[in-house]
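I have placed the structure first, in the form of structure tokens, so that the comments after it can refer back to it.
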Amino acid sequence: MSQLQMTRTNPAHVGSAKLTSFIPGQGNSNPVQNEKSLGSFESYLVNAVAEMNSQQLNVGKVSQQLITDPDSVDIHDVTTAMAKAQMSLSLAQTVIDRLVTGWNELSTNR
């Protein structure tokens, strides 16, 4: 009789089973055995900041193009790029503020 073993999806969970990643919405009953797909919070944060930076640089490039050659750029593209950059910046500010608040709460509760 084979022994049934539960799958682990979090490295903090106790057990000897391999760490697995389950892709929700895929309808698969077998988890995907891919430890590299489990990213760290640090990598998510660095990627988000890099994406925000690229959006800010894109706004500068499109704005400069609008000033130097107005016929080559549609004003709607400039407005959309500015809105995306503003939204990503305010989201990043909110996440950073909540991280700092959470860290302060954790460090004062000891």
Side-chain angles (χ1 to χ4, degrees):
M1 182 178 206
S2 68
Q3 191 176 25
L4 187 62
Q5 191 171 17
M6 295 180 71
T7 58
R8 291 190 318 146
T9 58
N10 188 329
H13 293 168
V14 178
S16 60
K18 268 188 134 176
L19 192 62
T20 60
S21 173
F22 181 73
I23 302 171
Q26 296 287 330
N28 54 356
S29 60
N30 295 330
V32 177
Q33 299 282 341
N34 189 358
E35 294 182 25
K36 297 293 182 185
S37 69
L38 295 175
S40 67
F41 179 73
E42 177 187 7
S43 66
Y44 289 127
L45 191 60
V46 168
N47 289 339
V49 170
E51 179 65 27
M52 180 193 63
N53 186 42
S54 70
Q55 287 179 352
Q56 296 291 332
L57 292 174
N58 186 30
V59 167
K61 184 173 63 172
V62 172
S63 299
Q64 186 177 15
Q65 189 176 359
L66 179 69
I67 293 169
T68 58
D69 189 15
D71 294 333
S72 67
V73 176
D74 190 16
I75 191 67
H76 300 293
D77 294 336
V78 176
T79 306
T80 303
M82 286 181 171
K84 282 183 181 180
Q86 179 62 37
M87 189 182 338
S88 67
L89 182 62
S90 68
L91 181 63
Q93 286 174 335
T94 303
V95 168
I96 291 169
D97 287 344
R98 293 212 179 163
L99 281 172
V100 170
T101 302
W103 178 257
N104 287 336
E105 287 179 5
L106 283 174
S107 63
T108 56
N109 285 337
R110 297 178 207 235

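Please read all numbers here as calculations on a predicted model, not as lab measurements.
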Which atom pairs, one a donor and one an acceptor, fall under 3.5 Å between side chains of residues 80-88 and the rest of the protein, sequence neighbours left out?
from	atom 1	to	atom 2	distance (Å)
Thr80	OG1	His76	O	2.8
Ser88	OG	Gln55	OE1	2.8
Ser88	OG	Lys84	O	3.3
Ser88	OG	Ala85	O	3.0

If Ile, Leu, Val, Met, Phe, Trp and Tyr residues are connected whenever their side-chain heavy atoms lie under 4.5 Å apart, and connections chain through other members, are Val73 and Ile75 in the same group? yes
For [X], all residues meeting side-chain contact (heavy atoms from CB on, under 4.5 Å), sequence neighbours excluded:
X	result
Thr101	Glu105
Leu99	Phe41, Leu45, Val95
Asp77	Asp74

Name every donor-acceptor pair, under 3.5 Å, that has one atom in a side chain of residues 63-70 and the other anywhere in the protein, sequence neighbours excluded.
from	atom 1	to	atom 2	distance (Å)
Ser63	OG	Val59	O	2.8
Gln65	NE2	Ser72	OG	3.1
Thr68	OG1	Gln64	O	3.0
Thr68	OG1	Gln65	O	3.4
Asp69	OD2	Ser72	OG	3.4

Point-to-point distance, once rounded to the nearest 0.5 Å, from CD of Glu51 to CD of Gln56: 11.0 Å
Going by chain and number, the hydrophobic cluster around Trp103 (ILVMFWY, side chain to side chain under 4.5 Å) further includes none
